[in-house]
Amino acid sequence: MQESYEPRSIERDAQAFWNRAGSFRALEDASRPKYYCLSMFPYPSGKLHMGHVRNYTIGDVLTRYYRMRGRNVLQPMGWDAFGLPAENAAMANSVPPAKWTYDNIAYMKGQLKSLGFALDWEREIATCHPEYYKWNQWLFTRLFNKGLAYKKTGVVNWDPVDQTVLANEQVIDGRGWRTGALVEKREIPMYFLRITSYSEELLAALDAMDGWPEQVKLMQKNWIGRSEGVRFGFPYEMDGGRQILYVFTTRADTIMGVTFCAVAPEHPLALRAAQDNSAVATFISQCRAGGVTEAEIAVQEKQGVATGLSVTHPLSGEQVPVWVGNYVLMGYGDGAVMGVPAHDERDYAFALKYGLPIKCVIRHPAGDGVPAPWRAEYAEHGECIHSGRYDGLDYARATDAIAADLSARGLGGKQLQWRLRDWGISRQRYWGCPIPIIHCAHCGDVPVPDAQLPVVLPEDLVPDGSGNPLAKLASFTDCACPKCARPAKRETDTMDTFVDSSWYFARYCCPDNHRSMLDERAQYWMPVDQYIGGIEHAILHLLYSRFFTRALRDEHLLPGVSEPFANLLTQGMVLAESYYSDAGGRRTWINPADVEVARDSKGRILAAKTRDGMDAVYDGIGTMSKSKNNGVDPQALIEKYGADTARLFIIFASPPTSTLEWSDEGVEGSYRFLKRLWSYCARFDKAAPSVAAGSQKATRFEIHAVLRQANYDLQKHQFNTVASAAMKILNALERSSGGRTAVTEDGLSILLRLLSPITPHVCHHLWRELRFGEDVMRAAWPEPDPDALEQDEIEYVVQFNGKTRGSLRAARSADRDALEALLRASTLAQKHAADKIVKRIVIVPGRLINVVL
RNA sequence: GCCGGAAUGGUGGAACUGGUAGACGCGCCGGACUCAAAAUCCGGUGCCAGUGAUGGCGUGAGGGUUCGAGUCCCUCUUCCGGCACCA
């Protein structure tokens with residue numbers, strides 16, 4: 001065989017072999033256990049970045065491993081092809097988003113192929129193809145007819161200069177990214193999907209999802225946010241009628257401590273108060289400034305204004321002033337809260353700021369009063385005090401009694417409350433799936449009939465930043481009402497791209513079916529056995545997909561399937577430093593590769609400059625993203641070292657679930673290993689068979705022990721130590737002076753199979769070259785031989801008072817008495833315990849002896 | 001702010017259910033080969049003291065449980081992810 005390792009040619013040859021053999025085509029086969037392995041599909045942003053390489057290598061390792069374990073494997077790939085970056089690129093380069101997207105797909109597909117991933121390309125999909133998004137539209141009309149899709153108003157970021165809606169990402173420090181104008185909140189009509197009708201099920205099912213990380217399930221649980229509490233009303237008179245201000249609380253036991261109520265700025269009562277009170281009107285309009293994200297609202301200073309109105313406490317009958325508070329969210333509960341400053345930190349701060357009374361009604365661990373400053377104990381449960389007939393009751397009994405009394409007055413009672421909100425899917429953007437609705441002046445919102453689907457998105461438009469170009473395109477908007485045939489207008493909003501990605505995993509099963517969304521092949525493959533993707537999708541994408549799978553189930557498209565992903569592996573983010581420059585009044589992000597950095601002795605960044613000497617601002621370390629221009633392109637790595645080295649290096653760098661701060665220092669080590677493997681095999685190929693020498697038993701033990709550990713690590717998905725294991729086996733083989741023996745032959749065959757999922761090209765080649773077989777992919781996965789793992793002697797760690805002082809070899813069969821006798825006779829005992837009293841000897845069988853003095 | 005994570009040598013990371021901390025790499029130091037360099041190979045490498053055998057210290061910080069803690073418990077710090085229109 002050839003003397004030197006030449007990745008370029010062997011990778012080309014291996015890929016050609018797989019192509020010819022159709023190695024990665026997946027066919028339904030009821031006789032074999034299936035393994036549907038899916039990595040989250042990429043957004044075609046231009047080039048792959050290291051996060052992609054990591055994600056797809058992890059998936060590829062798993063599929064190649066399970067294929068060798070006898071599973072019928074499906075691993076497809078496609079493109080999350082709609083989205084904002086295409087519109088931004090279109091504006092920057094005057095190219096239609098469609099062209100930009102298709103060009104990117106072509107380039108990135110080439111990159112994926114060059115990495116040798118075992119993908120079934122015949123199932124490729126792109127969400128921007130009408131054949132795909134037709135089914136988004138079709139399903140939407142089903143949900144619309146069922147009432148699971150509906151229209152209401154939602155709040156968006158509004159750029160008053162460009163007269164357009166901005167994504168949260170496009171709002172920087174409260175200003176529009178292009179215009180610099182202060183962003184306002186604005187309410188507009190939009191379509192929502194009723195995910196909340198599945199709240200209970202989405203929450204309850206989490207408990208049985210053993211294949212998901214606890215961490216992700218916990219995040220989803222908190223996100224869905226089921227809380228048991230009391231919803232009740234404060235009656236008031238307004239405009240000559242009796243009205244009720246409803247609030248929800250999980251602390252009904254503190255109801256006698258209410259000293260004010262606060263409503264959201266958008267609350268009807270706030271709007272009514274504003275009519276007569278200019279201070280309220282001014283405050284409400286101030287609240288319109290700023291972004292819409294919960295994070296922004298949560299960190300802003302708590303502010304409020306008195307409405308001058310008051311409501312009646314439902315139990316005490318006292319008058320309670322109503323305030324408008326910028327921290328009250330209209331989207332949660334009734335958009336109003338009761339204010340109990342003594343036992344809620346936020347209310348406490350609010351009351352101190354505005355001089356509202358504070359009334360302590362709970363005996364908490366820190367006493368009967370709530371002197372400033374705020375202490376966490378004030379919010380703890382305790383028995384009621386200063387609460388009239390509820391005095392002395394604990395949390396549960398007070399809540400029951402109060403709920404009962406409210407109920408008797410017809411003013412409320414216990415209620416379940418959810419944090420989860422319905423999913424607003426309307427986007428005022430061009431590059432997305434058109435929402436299939438026709439607005440008719442006579443018939444209202446009419447869903448597009450099946451025969452007219454898909455509503456095709458024209459692909460030749462170029463957005464200019466001033467709103468959706470579809471809205472200006474008469475050939476798109478003008479249509480006939482499907483019901484009454486009179487002239488009507490087509491909806492121009494498009495769908496949130498999360499809709500596209502909420503069911504793509506099912507479409508991979510039958511991408512060629514143009515007659516229905518899903519068919520019986522989805523029954524065969526679904527659910528996905530292993531889903532792999534970034535931890536950043538822990539909530540939204542994964543929750544929406546769980547919701548959609550249930551919606552599909554209930555449309556009889558996926559009978560019996562409720563959960564889309566049986567097992568979930570959340571890979572850690574690949575992080576990189578990011579730098580920007582604000583030169584010229586506009587923020588431009590500079591690729592880290594183009595920045596030169598000065599650091600202090602601890603590695604902290606002192607100054608950064610671009611290659612052409614411009615000052616750059618360090619913006620911390622964070623996820624690789626198109627918008628921050630800090631993606632590291634793997635192409636240079638692949639070209640210099642080959643795909644196998646790139647794959648090995650990213651796998652070896654850290655366990656899949658850890659975040660990884662990108663650095664390609666050390667990539668040489670992976671390349672060196674593959675070269676070393678190659679040259680070992682070349683020597684092995686030439687060596688004459690010989691008989692095993694004496695040391696061979698130890699080599700065999702070592703190799704099989706490493707294999708045992710590697711197989712265990714594979715189950716844990718800890719692939720970095722599997723790569724280590726391969727290195728250890730090669731080290732053992734090289735150390736073994738036995739040449740070509742049964743032991744080294746066995747060891748090498750284990751090594752090539754163990755490594756083949758990670759570096760498939762080189763292993764494919766060596767497997768054939770050394771005549772182990774035709775195709776390593778079809779070889780059986782190696783298992784350790786129990787005989788090889790037998791040991792006659794065990795090394796015991798010896799500790800005195802928990803400090804390790806040495807070790808002791810003992811027969812495998814030695815019992816406690818024998819070990820103690822050995823220990824007493826040892827020099828270790830004489831040295832460390834000579835004239836001391838032994839209080840106790842702790843023996844961990846097979847491992848350790850600890851002498852307590 | 002709220003929810004979820006993470007922190008181990010100069011560096012990426014390893015350590016089975018609480019049992020020899022630093023596997024396997026990178027870097028660095030020394031050596032071999034070479035006219036020389038690259039590549040390759042061999043040896044060393046947590047920190048401090050000591051010529052040395054050895055001893056002390058050591059897993060973000062501070063407490064605790066235990067014969068024994070990187071691992072379990074409490075408090076804190078810093079960093080990362082998410083927060084519903086980035087994907």
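So that the names make sense, note that chain A is the first sequence line, chain B the second, and so on, each numbered from 1. Predicted, not measured: the structure shown is a model, and the values here were computed from it.
Close to B:A87, at under 4.0 Å from its OP1 or OP2, lies a side-chain N or O of A:T497. OP1 or OP2 of B:G25 lies within a sub-4.0 Å distance of a side-chain N or O belonging to A:R676. Regarding contacts with the backbone of B:U40, every side-chain N or O of A:R683 stays at 4.0 angstrom or more from both OP1 and OP2. Between A:R805 and the phosphate of B:G55, there is a side-chain N or O to OP1/OP2 separation shorter than 4.0 Å.
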Practice task
For the pair A:K628 and A:D619, evaluate salt bridge (charged side-chain N to carboxylate O under 4.0 Å, His left out) and give the outcome as yes or no after the intermediate values.
Solution key: CA-CA 10 Å; A:K628 286 197 173 177; A:D619 192 52; 3.1 Å; yes

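Using a 4.0 Å cut-off between charged side-chain N and carboxylate O, A:R375 and A:E377 make a salt bridge. Salt bridge status for A:R676 with A:E734: present, with a side-chain N to carboxylate O gap under 4.0 Å. Using a cutoff of 4.0 Å between basic side-chain nitrogens and carboxylate oxygens, A:R419 and A:E294 are scored as salt-bridged. A:E702 and A:K728 are not joined by a salt bridge, as no carboxylate oxygen comes within less than 4.0 angstrom of a charged side-chain nitrogen.
Atom CG in A:L540 sits about 16 Å away from atom P in B:G4, given to the nearest Å. In this structure, A:W374 atom CH2 and B:G1 atom P are separated by 16 Å, rounded to whole Å. In this structure, A:E296 atom CD and B:G1 atom P are separated by 15 Å, rounded to whole Å. Rounded to whole Å, the distance from CD1 on A:I535 to C1' on B:G4 is 8 Å.
The side chain of A:I621 sits closest to B:C80 out of B:A84, B:G19, B:C80.
A glycosidic torsion no more than 90° from 0 defines the syn conformation; B:G82 lies beyond that range and is anti.
Using a 4.0 Å heavy-atom criterion, one finds that A:S501 contacts no nucleic acid atom at all. When heavy atoms are screened at a 4.0 angstrom cut-off, A:W223 is found touching base atoms of the nucleic acid. Residue contacts for A:P42: at a heavy-atom cut-off of 4.0 Å it reaches no nucleic acid atom on any strand shown. Among the protein residues, A:R346 comes within range of no part of the nucleic acid, since none of its heavy atoms lies under 4.0 Å from any strand. Within the nucleic acid shown, A:A538 has no heavy atom closer than 4.0 Å to any nucleic acid atom. Nucleic acid contact for A:F498: base, since at least one base atom lies under 4.0 Å from a heavy atom of the residue. Counting non-hydrogen atoms under 4.0 angstrom, A:V797 reaches a base of the nucleic acid.
Between the P atoms of B:A38 and B:A32, the separation comes to 15 Å (whole Å).
The base of B:C3 is not paired with the side chain of A:N222 by any donor and acceptor separated by under 3.5 Å.
Nearest-nucleotide mapping onto RNA chain B: of A:L420 and A:K675, the residue sitting toward the 5' end is A:K675. Annotation: of the two residues near RNA chain B, A:E795 and A:K803, the 5′-most nearest-nucleotide partner is A:E795.
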